[in-house]
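Take a look at the structure below.
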Amino acid sequence: MDKVCLRKLVHEGYLVFDETVCDTNCSAEELAMIVNSFSSLGYAIDREGLIKLSKLDSSSLTKFYNENYKLLSEISGAKFKHKVFYKNFPKLEDLSQIEYVVRAILHYLTSSFESDGFMNQDIEDFEREIVHNEKKKVLKLITKDEGKKLLIRHVEELFEANVSIPYIEEELIWIIMDNYPLELHVKEIPFKENIAHYFLFLFRGKKVKLSEILSKENLSFIKTPTDLLRVYAAISAGDAMLRTNPKFKSLERSVRRMFLELLNDMAKDNPYIYDDLARHEFIWKKAFEKLHVGEFKNKYPHIVEVAKRFRNDEYQTFYSKLDSLKDNQVGYIKLLKTRPGEFARRLDMLIRKDNFDLDYTLNEFKSIGKDISTTLLLQLWEFFMNRNLYPTRIFKINFGCNVIYKEIEDTRKEVSSETIDKIVNMIEEILTEIYSTYENKGKVYIDESVKSYCLPRNSRNGSAQNKTLTFGTRVKLESTEGKFLRFFTHFKNSDIDRVDIDLTLEFFDENFEQLFTIGWHDTSKSVELNSFYSGDITSAPEGASEFVDLDLEKAKKVARYAVVTNSVYTGQDFCDIPECFSGVMFMDKKGKKGQIFNPEFVEYMFNLTQRGSNQNVAFALDLETLELIWIDSPLTYGFSGIVAAVSTGVFLSLKDALKKHMNLYDFFMLHKGHIEIVDNKEEADIIISDSDDATLKPFDVANIAANWL
């Protein structure tokens, strides 16, 4: 099985196992050796798996160990060389600021693409103890066939989800669609962007004619003219998101007929088809030329007439008609009700109009609520929950592969808390009504632990994580004295360039004012906070790592938030760096005596492979509530300056993450109309929890997005 598939299965909690019949069984000592080896990487095998392994002979067990230890050591980060600038880290309390600067300059002057340069060769490391963590990630053993079925279903769920497919899943999708095309059965593709990506994967690497690939089954995913335009752009190797003008390729006549038949059906008795075409006016006019619409005037008369009127600007759009009714509430809302999604997007504007009656507007909205997509309703819920949170408005713009944040003064008319409560309650009632029509899933136990986790959301350029967290998720930290967090980032030079990634902690007060930093450009607070930085490495020919220890007890006395960032000082995009990952270890003071990087204590780890991005705001710490808040915002910066300290994207990412988001507990409670909620796990058909016995975990993002959203 492909390495990408094996890694994915490990992240889902499975190891592939070839069950063979053996004449003799391995010894208890051999089995114990495997258990201890996996344990040193932070993994354990469940009881059933150990029984299966005990029935193997020595040769088969050795083969299993060799294949999987290598895989797990890579996934856990143990395989890589974690060279640090100060090898006696974290015992750096005696290092003066002057000495820190001098040693850093010596390194900067001597490091190069081929050489680490000065690396404190005069400093001796202390004798480190062996420190273990009792907490392990439990893995189940499955066969290759079982693994294949799980992966196929995962890919189906990615397409069937109501959120965008992350870039990090693309390689797995290609593998499954190339190797098991007849076993992959996607029922529907509700998220429009994913339709274009489905066809991109479908056409990838195929040498046959398009007409041999396209069928009524896969063309049924195309519902609107924009869907088809995106598919045409994908076929032409253009931007399927239509952010740039594609250069459309010529299509064989049979494919043009397929497309025009779809468009003809869409145009039939649909006066508002022009609105969809007008969104991409120039691109559509080019597409109509390439489709040679005039050749089919007898066969597809509706789209031929539409194309003619569209070219000559002889049409009226929904929006122009709506604008003509702006002072007529009854007429305006009557027309809006024909477009429920547009009604939802304009709701805030409508409730602020002085000449519109509020109760009438809300009652009319409620009457068509069930016709609005659940994802839009959930976005509307979040919008109104945060309507009066800040005195400013924060805009999160997905620009290419990056996130751009803008903050402006909020000049909108104030909406009362009573009105907001009324709207939020109404949206929850509509969602409950919609979800009551879903398939009955039996008895469900919803653990309160999932209150910490947020709903899946669109994260096209998100990081690959060992536990998939969604934006805004809050993970509770232990507050006992002596606890600390160790952040880490590993990187390696590319084949042609040196790589310098800076791991930085930026500290803010409750008003989001930046206080100080622990990182390459500032260690002045280290002794006071008992929190140390392992040193700035500017080249990593063999691989290197940077670490920051944070003493939670001391940090929470001087700051409210700490934000973890990674910035590529040498300017490359994360995706172009051969080894690049980051994460955090949850430890206590005894861990300081052990190895610097200990995979047994790694709680969250993520690969920094984001496209078009060279800065990542990973997560924040709320030092008052002692919670880790997941962010994972990909940003971009130039080559000069102290990056994290001056980037508005850092504190705006934090402010955005601190908004109120729908948590999974409240979300699943909205499903009470088609599930029976029980208080006892033993009675449940489905256990929703972050514990090992869960049948649905908050990390199963594709499952939740495909089957529950």
Side-chain angles (χ1 to χ4, degrees), residues 1-20 22 24-83 128-148 150-151 171-172 175 464-467 488 490 492 542-543 545 578-583 585 591 594-607 692:
M1 186 175 281
D2 190 279
K3 187 177 180 181
V4 172
C5 297
L6 294 173
R7 288 177 63 93
K8 182 64 182 178
L9 289 171
V10 170
H11 285 314
E12 297 297 320
Y14 301 102
L15 268 184
V16 171
F17 168 74
D18 286 326
E19 198 162 9
T20 55
C22 303
T24 59
N25 295 345
C26 62
S27 67
E29 290 78 10
E30 290 172 315
L31 190 59
M33 182 274 293
I34 287 186
V35 170
N36 289 333
S37 293
F38 285 7
S39 178
S40 69
L41 301 175
Y43 293 95
I45 297 174
D46 71 347
R47 183 175 179 277
E48 289 183 10
L50 290 175
I51 292 173
K52 290 177 182 178
L53 289 179
S54 68
K55 296 177 181 178
L56 295 180
D57 59 25
S58 297
S59 176
S60 300
L61 187 67
T62 300
K63 180 183 177 185
F64 170 84
Y65 170 76
N66 289 337
E67 290 174 351
N68 289 289
Y69 184 83
K70 182 179 179 181
L71 175 69
L72 295 178
S73 64
E74 182 176 325
I75 292 173
S76 67
K79 165 190 170 182
F80 302 98
K81 191 169 185 178
H82 294 278
K83 181 180 288 188
R128 297 182 183 270
E129 299 177 7
I130 298 174
V131 181
H132 293 296
N133 185 8
E134 294 181 3
K135 185 179 177 182
K136 307 293 179 188
K137 181 173 182 179
V138 179
L139 300 174
K140 298 179 180 180
L141 298 190
I142 57 174
T143 64
K144 285 184 179 179
D145 190 57
E146 289 171 330
K148 182 188 76 172
L150 285 171
L151 293 171
E171 191 172 1
L172 175 65
I175 291 168
Q465 309 162 38
N466 64 336
K467 298 177 184 176
F488 60 87
H490 172 83
K492 185 179 181 181
E542 297 178 339
S545 299
E579 292 176 12
C580 190
F581 59 85
S582 187
M585 294 179 266
Q595 64 196 92
I596 297 177
F597 180 82
N598 190 335
E600 292 186 53
F601 290 91
V602 173
E603 192 70 23
Y604 297 100
M605 190 167 85
F606 50 99
N607 292 328
D692 290 335

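Within a 6.0 Å sphere centred on NZ of Lys136, other residues, nucleotides and ligands contribute more than 12 heavy atoms.
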Intermediate values then yes/no, side chain to side chain contact (heavy atoms under 4.5 Å, CB included), Lys140 and Leu15: CA-CA 6 Å; Lys140 298 179 180 180; Leu15 268 184; over 6 Å; no
Show, in sequence, the C-alpha distance, side-chain angles and deciding distance for Leu50 and Val35, and conclude whether the side chain to side chain contact (heavy atoms under 4.5 Å, CB included) test is met. CA-CA 9 Å; Leu50 290 175; Val35 170; 3.8 Å; yes
Can you list the steps and then say if Tyr69 with Ile34 is a side chain to side chain contact (heavy atoms under 4.5 Å, CB included)? CA-CA 9 Å; Tyr69 184 83; Ile34 287 186; over 6 Å; no
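No hydrogens or angles considered: nothing links the side chains of Ser39 and Asn36 as a donor-acceptor pair under 3.5 Å.
No salt bridge links Lys52 with Glu48; every basic N to acidic carboxylate O contact stays at or beyond 4.0 Å. Using a 4.0 Å cut-off between a side-chain N of Lys or Arg and a carboxylate O of Asp or Glu, Lys135 and Glu600 do not qualify as a salt bridge.
Of the listed residues (Glu74, Lys70, Glu579), just one forms a side-chain contact (heavy atoms from CB on, under 4.5 Å) with Lys79, and that residue is Glu74. Checked options His11, Met605, Glu603; the residue passing with Lys467 is Glu603 (criterion: side-chain contact (heavy atoms from CB on, under 4.5 Å)).
With contacts defined as side-chain heavy-atom distances shorter than 4.5 Å, the pair Leu53/Leu141 qualifies. Between Phe17 and Ile45 the shortest side-chain heavy-atom distance does not fall below 4.5 Å.
Between Phe80 and Phe581, the distance from one ring center to the other falls under 6.0 angstrom.
With hydrogens and angles ignored, the 3.5 Å screen pairs no side-chain donor or acceptor of Glu129 with any backbone N or O of Val131. Between the Ser60 side chain and the Asp57 main chain, no donor and acceptor come within less than 3.5 Å of each other. Using a distance-only test at 3.5 Å, with no hydrogens or angles considered, a donor-acceptor pair links the side chain of Ser582 to the main chain of Phe488. Proximity of a side-chain donor or acceptor of Glu146 to a complementary backbone N or O of Thr143 within less than 3.5 Å is detected. Here the side chain of Asn598 pairs no donor or acceptor atom with the backbone of His132 at under 3.5 angstrom.
Ring-plane geometry between Tyr65 and Phe38 is classed as parallel, the angle between the planes falling under 30 degrees on a 0 to 90 degree scale with a further cut at 60.
Taking every heavy atom of both residues into account, Met1 and Leu9 meet most closely at SD-CD1, 3.8 Å. The two atoms that bring Tyr43 and Ser76 nearest to each other are CE1-CB, 4.1 Å, heavy atoms only. What you find for Ile75 and Arg7 is that their closest heavy atoms are CG1-NH1, 3.7 Å.
Residues that satisfy the ring pair (Phe, Tyr, Trp, His ring centres under 6.0 Å) test with Tyr604, not counting sequence neighbours, are absent from this structure.
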